[in-house]
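First up is the structure itself, then whatever we jot down about it.
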Amino acid sequence: MKEYMKWRDGERKRLLSTPIFSVDKIERTSPDGKQGDFIVMNNPDWVSVIPLMWKEGEGYVFIMVDQYRHGSESVTREFPAGLTDEGEDEESAAKRELLEETGMTGDLIKIASFNPNPAFMTNRQTFFLGTNLKKVSGQSLDEMEEIEVSYVPVKDAISQMGSGIYDNGIMMAGLGAFLRYISLHPEIMEEK
């Protein structure tokens, strides 16, 4: 980090608290003395699993979930994902979300971690690639969740991501992380 560019914090005031995020106004001073108030959104960290498996007759598929999203008022198709609970590490959260949403367990490989919008968000999004997957239970969804599991050929997800039901920007980032990872580890996609 370029420490010489870091702004100093002054007064911080909580403007809003909700069950999933809070909003603060922070007074900050630049290294050359400029002062201003800035808004930041404090979110828990997010995790997503990109579950990849070989399906006879179809080749490699992603295990994805369809659910209604209240912000866009639409059903989206996504990789299993969720929030990291307080005190929970990101890999444990990813394993929990994969099991809750799909009933599956497997091996996880961390492939990316980034800030979804550093202009005003404080959290991190971490992606794991899920391999060697096994169905061990049914879904265990939160009270307000309704999720359908879909097996999507990788080529279909790649060609459609960013359009129609694949309308989630974080999933675009996940697909980008997946494509980068398999370009460095092509053995992951070898035919069975």
Side-chain angles (χ1 to χ4, degrees), residues 18-21 43-72 74-116 121 123-158 160-161 165-182 185 187-190 192:
T18 78
I20 59 172
F21 67 86
N43 296 289
D45 289 338
W46 303 335
V47 294
S48 297
V49 179
I50 302 169
L52 179 69
M53 69 183 292
W54 179 264
K55 200 164 185 202
E56 276 310 314
E58 294 185 50
Y60 278 103
V61 297
F62 290 132
I63 300 165
M64 303 186 79
V65 295
D66 297 356
Q67 60 186 314
Y68 182 80
R69 291 303 198 179
H70 295 276
S72 64
S74 64
V75 174
T76 61
R77 179 164 290 159
E78 306 170 4
F79 299 116
L83 306 176
T84 302
D85 292 337
E86 190 172 334
E88 185 179 37
D89 67 82
E90 58 197 12
E91 186 170 350
S92 296
K95 287 179 180 180
R96 176 181 48 75
E97 288 293 340
L98 178 64
L99 181 62
E100 288 175 359
E101 294 187 6
T102 69
M104 295 191 163
T105 61
D107 299 328
L108 298 184
I109 304 165
K110 183 176 176 178
I111 62 171
S113 183
F114 59 87
N115 181 295
M121 296 175 78
N123 66 320
R124 298 203 59 83
Q125 165 69 56
T126 302
F127 285 98
F128 292 89
L129 177 62
T131 61
N132 300 316
L133 300 166
K134 301 181 257 331
K135 181 89 167 155
V136 297
S137 70
Q139 293 175 310
S140 177
L141 303 175
D142 293 339
E143 180 183 358
M144 300 307 260
E145 282 183 311
E146 293 180 3
I147 293 176
E148 285 184 6
V149 176
S150 297
Y151 294 83
V152 180
V154 169
K155 63 181 176 19
D156 292 352
I158 290 171
Q160 296 177 55
M161 194 64 75
I165 198 169
Y166 298 91
D167 188 34
N168 181 316
I170 295 293
M171 297 305 107
M172 287 288 296
L175 184 60
F178 170 78
L179 293 172
R180 182 194 68 198
Y181 186 81
I182 63 167
H185 303 278
E187 67 279 4
I188 295 288
M189 296 292 291
E190 289 176 357
K192 300 282 179 189

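All residue numbers in this chain count up from 1 along the given sequence. None of the values given here were measured: they were computed from a predicted structure. Below, all heavy atoms of this structure are taken into account, side chains as well, without hydrogens, waters or symmetry copies.
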Smallest heavy-atom separation, Pro51 atom then Leu98 atom, equals CG-CD1, 3.9 Å
Do other residues, nucleotides or ligands put more than 12 heavy atoms under 6.0 Å from Glu148 CD? no
Backbone N or O of Val152 within a donor-acceptor pair of the Ser150 side chain at under 3.5 Å? no
Just by distance, do the side chain of Asp89 and the backbone of Ser92 share a donor-acceptor pair under 3.5 Å? yes
Any idea which heavy atoms bring Gln125 and Val47 closest together, and the distance? NE2-C, 3.7 Å
Those residues at least two apart in sequence (or on a different chain) that pass ring pair (Phe, Tyr, Trp, His ring centres under 6.0 Å) with Tyr68 are His70
Using atom types as modelled, flag every donor-acceptor pair under 3.5 Å from a side chain in residues 106-115 to any protein atom, sequence neighbours excluded.
| residue | atom | partner | partner atom | Å |
| --- | --- | --- | --- | --- |
| Asp107 | OD2 | Asn132 | ND2 | 2.6 |
| Lys110 | NZ | Glu90 | OE2 | 2.7 |
| Ser113 | OG | Arg124 | NE | 3.3 |
| Ser113 | OG | Thr126 | OG1 | 3.1 |
| Asn115 | OD1 | Asn117 | N | 2.8 |
| Asn115 | ND2 | Met121 | O | 3.0 |
| Asn115 | ND2 | Asn123 | O | 3.1 |

Please determine whether side-chain contact (heavy atoms from CB on, under 4.5 Å) holds for the pair Met53 and Val61, giving the CA-CA distance in whole Å, both sets of side-chain angles, and the decisive distance to 0.1 Å. CA-CA 6 Å; Met53 69 183 292; Val61 297; 3.7 Å; yes
Check this for me: Glu146, atom CD, are more than 12 non-hydrogen atoms of other residues, nucleotides or ligands nearer than 6.0 Å? no
State whether a side-chain donor-acceptor pair under 3.5 Å links Gln67 with Thr76. no
Would one find more than 12 heavy atoms of other residues, nucleotides or ligands at under 6.0 Å from atom CD of Glu86? no
Within 45 degrees of the axis of the six-membered ring of Tyr60 and under 6.0 Å from its centre: does Lys55 put its NZ or CZ there? no
side-chain contact (heavy atoms from CB on, under 4.5 Å), that's the test. Do Val154 and Leu52 meet it? Break it down for me. CA-CA 8 Å; Val154 169; Leu52 179 69; 3.6 Å; yes
Please report the shortest heavy-atom distance between Lys135 and Met104, naming the atom on each side. CA-CG, 4.0 Å
Of all the heavy-atom pairs spanning Pro80 and Glu101, show the shortest one and how long it is. CA-OE1, 3.2 Å
Which pair of non-hydrogen atoms, one from Thr84 and one from Arg96, has the smallest distance, and what is that distance? CA-NH2, 4.4 Å
Non-hydrogen atoms of Ala94 and Phe128 that approach each other most closely: CB-CD1, 3.5 Å
Got a sec, which pairs hit ring-ring contact (aromatic ring centres under 6.0 Å, His included) with one end in residues 74-95, sequence neighbours left out? Phe62-Phe79
